[in-house]
Structures are given as structure tokens and as C-alpha cells.
Q: 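Below you'll find the structure I mean.
Side chains are part of it too, since the values below use all heavy atoms of this structure and drop only hydrogens, waters and symmetry mates. Chain letters run A, B, ... following the sequence lines, proteins first, then strands; residues in each count from 1.
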Number of protein chains: 2
Amino acid sequence: MTSVCATGQHDHHDVYAQQCPCRGLLELIANKWTALAVGALAAGPQRFGALQRQLEGVSPKVLTQTLRRLEDANLISRTVYPAVPLHVEYELTEVGWSLTVPLKALRQWVEEHVDEARV
Amino acid sequence: MTSVCATGQHDHHDVYAQQCPCRGLLELIANKWTALAVGALAAGPQRFGALQRQLEGVSPKVLTQTLRRLEDANLISRTVYPAVPLHVEYELTEVGWSLTVPLKALRQWVEEHVDEARV
DNA sequence: CGGTATCCCGTGCGATACTG
DNA sequence: CAGTATCGCACGGGATACCG
């Protein structure tokens, strides 16, 4: 069994439907900036402004949406340091950090097959 | 360096922008059915109708779009057997097959962290 | 059987302006 | 500094009907 969704418990009657456990993750990292934000945070905790500069072209609204979704998914944490001016740090959680491993595998696949695959 | 996009050649000046080589792949598998179609085809060559039944809920138009994109990316091949009724087979290419490896890593991550991460 | 054509809708994304 | 508010558009996706 090598499919994305099937488990060892399943057989050829598998349905790759809405119930697939991959769906949630795929829909999360599917959007434009999420995986890139995780990649940026893999270098260490970052402030909102720093993330916005690294993810070139992202608007503050969209960056906020992206970070909120990651926070809701428990992949990053948001820490506010009450000060003037405001200081907010985003950081990968432990489980968020673990996600960088398969994500990095994906990146390596791209590097290795960028010529064969027209992605 | 553990970020999604940075390579060993890069340093802290990396920009996770539109130029990131991951972007193409992420935008490809980002949509609703692509990764699932790859997963289905990992079980072996499939006909259009069989894919449509496995990817429960997909409309013929969207399935066609999905398969065309995968074909354009050189990840699957489309073979027409001229007969009545028509017989069309979709099959993973070699590079398409190689993609199932990191995709499977992603699935395993989901299974292992489904409780910690609310994806 | 394996699609295309057509219509429609939700939402992800972007630009800009403004605020605690 | 770190967002929110508002507007608008493009596009992915869905339903249905039809075609070679």
C-alpha cells in the first residue's frame, strides 16, 4: 500500500474521499503562504514584521490569516511581550517543528526532480 | 538550515518569496484533489471512471482539470486505447511515482500527530 | 466511456487605509 | 509594531447538461 491516504488496515476498497486524514493538513499547507511561513519559522522564532519581510509580497491581512490558521492547528505559538512598541513573537511548537521534517523531504524532492517534473 | 525553501547554498538572507522552488509543487498539490489522485494512482493504473469513483464527490470537470495539471507536470501519463467504448488509462510516471515517497511521509506525519495537531 | 460546455458561487488573496 | 477594516477580483471548485 503506497497511496497517500490508505492505511495498513484498509484494502482495495479504500475511498480517497473527504474523510481522508490527509485532507486537513493538505488544505492547511495548500494555501499560498503557510508552508513558506513554517519554513521561515524553522530558522527560529520570528516577529510579525520579520516574517512579512521574508515572505515577500504578503499583505498584513493575509499573513495574519496564515499565522492564525497555523496557531489554531497548534503548529505555531504566538507570544506577546507587552511593551511599546508592541513585540510579538511567533515560534514553531514541538509538533510544528516535527512537520518541518516531511516538509523538508518535499523540498528535497523538488530539488532532485525539478528537471523531470515541470512543477 | 531546516527551512522548507532554503538550500545549503543559501544563508540567512533567504527570501521565501515567489521564487521558492517549492512554490510550484505546493501550488500543484495544494488543490483539493491532486494529492488524492496521486494516492489513488499509487495503487496502479486507473481509468477515468475508476478515479472518479474513488475520489468521492469530484465532478468530471474538476477531475479532468486535476489530471491535466498532473499530466502537464509530467507526474502522470494518459493513454488512450481506441475502442468502443473509449478506454483511457492514467498512470504515474517514474517521477510521479517518486513523489509518492515524500507524500507518504506527509501522510505518516498526519497519522502520528493527528492528536497534537488540529489539522 | 470519457470527457466538454456552461453557469454559478464561495473564498483565498491582494491593495490600501486605518488603529491600539 | 502588529495588526484590523474594507473593498474587490480572480480562480478553484461544484452542479448539470450535453457530446464524440
Q: Arg118(A) versus Asp72(B): any side-chain heavy-atom pair under 4.5 Å?
A: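 Side chain of Arg118(A) against side chain of Asp72(B), heavy atoms only: no contact under 4.5 Å found.
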Q: CG of Asp115(B) to CG of Asn74(A): how many Å apart, nearest 0.5 Å?
A: 11.5 Å
Q: When the distance from CD of Glu71(A) to C1' of dA2(D) is rounded to whole Å, what number comes out?
A: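 Whole-Å distance recorded here is 13 Å.
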Q: Starting at OH of Tyr81(A) and ending at P of dA2(D), how long is that distance when rounded to a whole Å?
A: 12 Å
Q: If a protein heavy atom is under 4.0 Å from the base, mark B; if only from the sugar-phosphate, S; if neither, -; do that for nucleotides 1-11 of chain C going 5' to 3'.
A: SSBBBBB----
Q: May I have the distance from Glu27(B) (atom CD) to dG12(D) (atom C1'), rounded to whole angstrom?
A: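 Answer to the nearest Å: 13 Å.
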Q: Whole-Å distance between dG12(C) P and Leu55(A) CG?
A: 18 Å
Q: Does Glu116(B) reach the main-chain N or O of Val114(B) with its side chain, forming a donor-acceptor pair under 3.5 Å?
A: no
Q: What's the spacing between Leu106(B) CG and Leu26(A) CG if we round to 0.5 Å?
A: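 Leu106(B) atom CG to Leu26(A) atom CG measures 6.5 Å (nearest 0.5 Å).
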Q: What is the distance, to the nearest angstrom, from the CG atom on Leu28(A) to the P atom on dG12(C)?
A: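 Going from CG in Leu28(A) over to P in dG12(C) covers 11 Å.
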Q: Calculate the interatomic distance between Gln65(B) atom CD and dA10(D) atom P; express it in whole Å.
A: 18 Å
Q: Measuring from the side chain of Asn31(B) (C-beta onward, heavy atoms only), which nucleotide among dG12(D), dC13(C), dA15(C) has the closest atom?
A: dG12(D)
Q: In a check of side chain to side chain contact (heavy atoms under 4.5 Å, CB included) between Leu70(A) and each of Leu28(A), Thr93(A), Ile29(A), which one passes?
A: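 Of Leu28(A), Thr93(A), Ile29(A), side chain to side chain contact (heavy atoms under 4.5 Å, CB included) with Leu70(A) is met by Leu28(A) alone.
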Q: Which is it for Leu99(A) and Leu25(A) under the side chain to side chain contact (heavy atoms under 4.5 Å, CB included) test, yes or no, and what are the steps along the way?
A: CA-CA 10 Å; Leu99(A) 179 59; Leu25(A) 175 64; 4.2 Å; yes
Q: Once you round it to whole Å, what is the distance between C1' of dG14(D) and CG of Leu63(B)?
A: 13 Å
Q: Would you mind reading off the distance between Glu56(B) atom CD and dG13(D) atom C1', rounded to a whole angstrom?
A: 17 Å
